[in-house]
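Inspection log for the structure reproduced underneath, given as structure tokens.
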Amino acid sequence: LGPVIFSQSHNSGYYQEIFYSYHTIVFASFNTSSFFDSSVFVKWYRKDDSKVLLFKQMAISQQASNFIWIRNETGLVPGEYQVDIYDVSQQMNLLSKGNYIVEAL
């Protein structure tokens with residue numbers, strides 16, 4: 001499905017690989033134009049210590065792309081993060097993934 005891309009707004013058109021600790025939200029967008037299932041399984045985690053932020057099956061719309069997000073009102077924790085998108089099957093095939101970094105300020 002192509003890479004997961006990140007931004008501070010789901011429709012900004014401006015994609016980021018680096019966020020800062022004062023940011024409070026990260027959107028992850030992924031292409032679903034060639035995917036016809038109604039849900040995916042998402043694993044969103046910090047690679048530094050394997051802390052999982054999101055680990056669940058999520059419904060998606062039948063559009064060209066979909067997005068998910070995490071929010072922390074007190075700011076993002078510095079580290080390297082990864083989002084993996086899987087199909088919902090016994091095999092749980094990896095469909096898409098992406099990485100970003102949160103730097104302390």
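Only a predicted model underlies this, so the values are computations on that prediction, with no experimental measurement involved. What's counted below: heavy atoms across the whole structure, side chains too, no hydrogens, waters or symmetry copies.
- Taking the side-chain hydrogen bond (donor to acceptor under 3.5 Å, both in side chains) definition, one finds that S21 meets it with nothing, sequence neighbours left out.
- Atom CZ of F41 sits about 12.5 Å away from atom CG of L95, to the nearest 0.5 Å.
- Partner of V42 under the side chain to side chain contact (heavy atoms under 4.5 Å, CB included) criterion, chosen from L54, I60, V4, L53: L54.
- For the pair M58 and I68, the minimum side-chain heavy-atom distance is below 4.5 Å.
- If you take OG on S7 and CH2 on W69, they are separated by 12.0 Å, rounding to the nearest 0.5 Å.
- Side-chain atoms of Y81 and V26, non-hydrogen and from C-beta on, never get closer than 4.5 Å to each other.
- To the nearest 0.5 Å, atoms CD1 (I70) and OG1 (T24) are separated by 10.5 Å.
- If you take CD1 on I18 and CD on E80, they are separated by 11.0 Å, rounding to the nearest 0.5 Å.
- Counting Ile, Leu, Val, Met, Phe, Trp and Tyr side chains that sit under 4.5 Å apart, directly or through other members, F36 stands alone, with no cluster partners.
- Under the 3.5 Å distance criterion, with hydrogens and angles disregarded, a donor-acceptor pair is assigned to the side chains of N66 and T32.
- In this structure, F55 is not a member of the same hydrophobic cluster as I85, with clusters built from ILVMFWY side-chain heavy atoms closer than 4.5 Å.
- Side-chain contact between Y20 and V102 is absent, with no heavy atoms from C-beta onward closer than 4.5 Å.
- In this structure, Y22 places its OH atom where more than 12 heavy-atom neighbours from other residues, nucleotides or ligands lie under 6.0 Å away.
- Using a distance-only test at 3.5 Å, with no hydrogens or angles considered, no donor-acceptor pair links the side chain of N93 to the main chain of D87.
- Among residues two or more places apart in sequence or in another chain, the salt bridge (charged side-chain N to carboxylate O under 4.0 Å, His left out) test is passed with E73 by R71.
- Separating the OH atom in Y15 from the CD1 atom in I5 is a distance of 4.0 Å, to the nearest 0.5 Å.
- Note that CZ of F30 is 12.0 Å distant from CG of D84, once rounded to the nearest 0.5 Å.
- When every heavy atom of P3 is checked against every heavy atom of S96, the shortest pair comes out as C-OG, 3.5 Å.
- Applying the side-chain hydrogen bond (donor to acceptor under 3.5 Å, both in side chains) criterion to S39, with sequence neighbours excluded, gives Q57.
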Please walk me through it: do R46 and V77 pass side-chain contact (heavy atoms from CB on, under 4.5 Å)?
-> CA-CA 9 Å; R46 188 169 51 236; V77 175; 3.4 Å; yes
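- Partners of Q91 under the side-chain hydrogen bond (donor to acceptor under 3.5 Å, both in side chains) rule, at least two apart in sequence or in another chain, are S89.
- For Q16, the side-chain hydrogen bond (donor to acceptor under 3.5 Å, both in side chains) partners are Q8, not counting sequence neighbours.
- Both tests do not hold together for K47 against Y45: distance to the six-membered ring centre under 6.0 Å, angle to the ring axis within 45°.
- In terms of heavy-atom proximity, F67 sits nearest to S29 at CB-OG, 3.8 Å.
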Begin from the C-alpha positions of Y100 and F19 and carry the test side-chain contact (heavy atoms from CB on, under 4.5 Å) through to its verdict.
-> CA-CA 8 Å; Y100 67 94; F19 293 81; 3.5 Å; yes
